[in-house]
Amino acid sequence: MLRRTLLAAALLLAALGSGASAGSKQLSAAEIEALLDGNTVSGTWGGSEYKQYFGTDGFTMYVPAGGANDEGKWRVNAAEDSYESWWSATGWTSYKVGREGEGYVWIDSKGDAYPFVVLQGKQVSW
């Protein structure tokens, strides 16, 4: 029993260390770009609902429910298989993207996962 528990813990740590959350499949840079380019995502971040549009030119717009919009930049890092966003308050920040069930997750540098779904095209209004 102890051996199975240790094996399960080791597998979970390996998955988290690779940038994938438990139960998610990490996307490649090409998959991330195809998923986001020209589309909108909808999810919850920090307890608040949001939508974010990803323009084909690297422009992105973050629209929190009931809050002020923010404009930034986005890109895909092929060497790291990651998504990167730039905001005036934070600069460039990198996230892994995973597929989880019918949706997706942003995975931050601490391994925390934030679920989202993809909406086709620009759909940022509430």
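If you're wondering where the values come from, they're calculated on a predicted model, not measured in any experiment.
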Distance-only donor-acceptor pairs under 3.5 Å for side chains of residues 86-95, two or more places apart:
from, atom 1, to, atom 2, distance (Å)
Trp87, NE1, Ser85, OG, 3.2
Ser94, OG, Ser82, OG, 3.2

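- Contacts of Trp74 classified as side chain to side chain donor-acceptor pair (under 3.5 Å), with partners at least two apart in sequence or in another chain: none.
- Glu31 places a side-chain N or O within 3.5 Å of a backbone atom of Ser28 that can act as its donor or acceptor partner.
- The distance from atom NZ of Lys51 to atom OG1 of Thr40, rounded to the nearest 0.5 Å, is 8.0 Å.
- Residue Ala113 comes nearest to Pro115 through the heavy atom pair O-CD, 3.9 Å, listed as atom of the first residue, atom of the second, then distance.
- Applying the side chain to side chain contact (heavy atoms under 4.5 Å, CB included) criterion to Thr44, with sequence neighbours excluded, gives Glu49.
- In terms of hydrophobic clustering, with Ile, Leu, Val, Met, Phe, Trp and Tyr side chains grouped at heavy-atom distances under 4.5 Å, Leu119 and Tyr83 are assigned to different clusters.
- Among pairs with a residue in residues 57-72, those fulfilling side-chain hydrogen bond (donor to acceptor under 3.5 Å, both in side chains) read Gln52-Thr60, at least two apart in sequence or across chains.
- Contact record, Gly98 with Leu27: C-CD1, 3.8 Å, taken as the closest heavy-atom pair.
- Residue pairs meeting the salt bridge (Lys or Arg N to Asp or Glu O under 4.0 Å) criterion with at least one partner in residues 73-90, sequence neighbours excluded, are Arg75-Glu84.
- Under the rule for a ring pair (Phe, Tyr, Trp, His ring centres under 6.0 Å), Phe59 has no partner lying at least two apart in sequence or in another chain.
- Partners of Ser48 according to the side chain to side chain contact (heavy atoms under 4.5 Å, CB included) rule, which considers only residues two or more places apart in sequence or in another chain, do not exist here.
- Looking at Lys122, its side chain never comes within 3.5 Å of a backbone N or O of Tyr53 through a donor-acceptor pair.
- In this structure, CD1 in Ile32 is found 11.0 Å from OH in Tyr104, a value given to the nearest 0.5 Å.
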